[in-house]
Amino acid sequence: YALALNNVGVVLRKARRLDEAKEFFTRALAIDQAALGPAHPQLIAPLNSLGISLLAEKNFDQARSVFERAVVISRAGYGEDSPRTAELHSNLGLVLSAQKRYPEATAAYQRALITLRALGDDHPKVLLTEIDLGALYLRQKQYAQALEKFRRVLFLQTARMGAAFAQNANAWLGIGL
């Protein structure tokens, strides 16, 4: 039942009905927590969903708290080197970046990348985290590091998707490779 509630919440969040989505995530979390305890890995899905909704609402303090809790549960249940834990680090990085806590955001993204690279350098989750880290560098006016990240993603996507993608990406990004 809690999983179904979480899934309804995901649909509502994608429809930008954030208040309703949060209600479903909160109910799913309460049901799982009552049945499984406060630190069961099954709590990660509704916590992650709730955190994403809070981030979308720019409720950064609450989102950070939710993602930090999810990271702790994931570490205990799956280990630090789990892709699930890495994804939570990446989401935490988004919040920390929004809060202008740049050193902490950088560390969260780098921690995520250490684990995610085991999936392959061109894995979509790696590329997305690289883009997020590049955007963080750009926000800090660290242009050389931002350009390095964006070029790396472009190179890996081109290798994965072919030259036609590269021509379009060059036009979109305007970095003239």
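Here the structure is a predicted model, which means the values were calculated and not measured. Values below: every heavy atom of this structure, side chains too, minus hydrogens, waters and symmetry copies.
The backbone N or O of Glu148 lies less than 3.5 Å from no partner atom in the side chain of Tyr137, so there is not a single donor-acceptor pair. Judged purely by atom type and a 3.5 angstrom limit, Ser74 has no side-chain atom pairing as donor or acceptor with the backbone of Ala70. Counting only distance, with no hydrogens or angles, the side chain of Ser97 and the backbone of Gly93 share no donor-acceptor pair below 3.5 Å. Side-chain N or O atoms of Ser65 include none that pairs as donor or acceptor with a backbone N or O of Asp61 at under 3.5 Å. In this structure a side-chain-to-backbone donor-acceptor pair under 3.5 Å is present from Thr85 to Gly79.
In terms of heavy-atom proximity, Ile131 sits nearest to Phe150 at O-CE2, 3.7 Å. Across every non-hydrogen atom of Leu138 and Ala146, the tightest pair is N-CB, 3.7 Å. Contact detail for Phe25 and Ser53: the closest heavy-atom pair is CE1-OG, 3.1 Å. The shortest non-hydrogen separation linking Gly77 to Pro41 is CA-CG, 3.9 Å. Nearest heavy-atom pair, Ala112 versus Ser90, reported as atom, atom and distance to 0.1 Å: CB-N, 3.9 Å. Residues Ala56 and Arg16 share a closest heavy-atom pair of CB-NH1, 3.9 Å.
Cluster membership for Leu18 and Val8, using ILVMFWY side-chain heavy atoms within less than 4.5 angstrom, is not shared. Under a hydrophobic clustering in which Ile, Leu, Val, Met, Phe, Trp and Tyr are joined whenever their side-chain heavy atoms come within less than 4.5 Å, directly or via other members, Val71 and Leu29 fall into the same cluster. Under a hydrophobic-cluster definition in which Ile, Leu, Val, Met, Phe, Trp and Tyr are linked whenever side-chain heavy atoms come within less than 4.5 Å, directly or via other members, Phe67 and Val72 are assigned to different clusters. Residues Val10 and Ile44 share a single hydrophobic cluster, defined by chaining ILVMFWY side chains whose heavy atoms lie under 4.5 Å apart. Ile52 and Tyr109 fall within the same hydrophobic cluster, defined by Ile, Leu, Val, Met, Phe, Trp and Tyr side-chain heavy atoms under 4.5 Å apart, directly or through other members.
Side-chain atoms of Tyr102 and Arg139, non-hydrogen and from C-beta on, do get closer than 4.5 Å to each other. Residues His123 and Leu116 have side chains not in contact (no heavy-atom distance under 4.5 Å, counting atoms from C-beta outward). Gln157 has its side chain out of reach of Pro124: every pair of non-hydrogen atoms, C-beta onward, lies at least 4.5 Å apart. Two residues are said to be in side-chain contact when any heavy atoms from C-beta on lie closer than 4.5 Å; Phe24 and Val11 fail this criterion. With contacts defined as side-chain heavy-atom distances shorter than 4.5 Å, the pair Asp32/Pro46 qualifies. Between Lys125 and Pro83 the shortest side-chain heavy-atom distance does not fall below 4.5 Å. The closest side-chain heavy-atom distance from His89 to Arg75 is below 4.5 Å. Counting only heavy atoms from C-beta outward, the side chains of Leu96 and Phe60 never approach each other to under 4.5 Å.
The pair Arg117-Glu130 counts as a salt bridge, with a side-chain nitrogen and a carboxylate oxygen less than 4.0 angstrom apart.
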Inset, instruction - Under the side chain to side chain contact (heavy atoms under 4.5 Å, CB included) rule, what do Arg101 and Arg64 come out as? Steps first, then yes or no, please. - result: CA-CA 11 Å; Arg101 297 170 71 149; Arg64 187 179 82 236; 2.7 Å; yes

Legend entry - side chain to side chain contact (heavy atoms under 4.5 Å, CB included) evaluation trace for Leu12 with Lys22: CA-CA 9 Å; Leu12 291 168; Lys22 282 190 327 188; over 6 Å; no

Legend entry - Residue pair Arg111, Asp81: steps toward the salt bridge (charged side-chain N to carboxylate O under 4.0 Å, His left out) verdict: CA-CA 9 Å; Arg111 179 65 214 135; Asp81 295 327; 2.7 Å; yes

Inset, instruction - Walk me through it: do Asp132 and Lys149 pass the test salt bridge (charged side-chain N to carboxylate O under 4.0 Å, His left out)? - result: CA-CA 9 Å; Asp132 289 340; Lys149 288 296 174 190; over 6 Å; no

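A distance of 8.0 Å separates CZ in Arg84 from CD in Glu87, rounded to the nearest 0.5 Å. Put simply, CG on Leu94 and CG on Leu136 are 9.5 Å apart, with the number rounded to the nearest 0.5 Å. Of the inter-residue distances, the one linking Leu50 atom CG with Leu43 atom CG reads 11.5 Å to the nearest 0.5 angstrom. Annotation: the span from Ile73 atom CD1 to Leu47 atom CG amounts to 5.0 Å, rounded to 0.5 Å. Between the CG atom of Leu88 and the OH atom of Tyr78 there is a distance of 10.0 Å, given to the nearest 0.5 Å. From Gln140, atom CD reaches atom NZ of Lys100 across 11.0 Å, with rounding to the nearest 0.5 Å.
Of the listed residues (Leu113, Leu127, Leu156), just one forms a side chain to side chain contact (heavy atoms under 4.5 Å, CB included) with Asp121, and that residue is Leu156.
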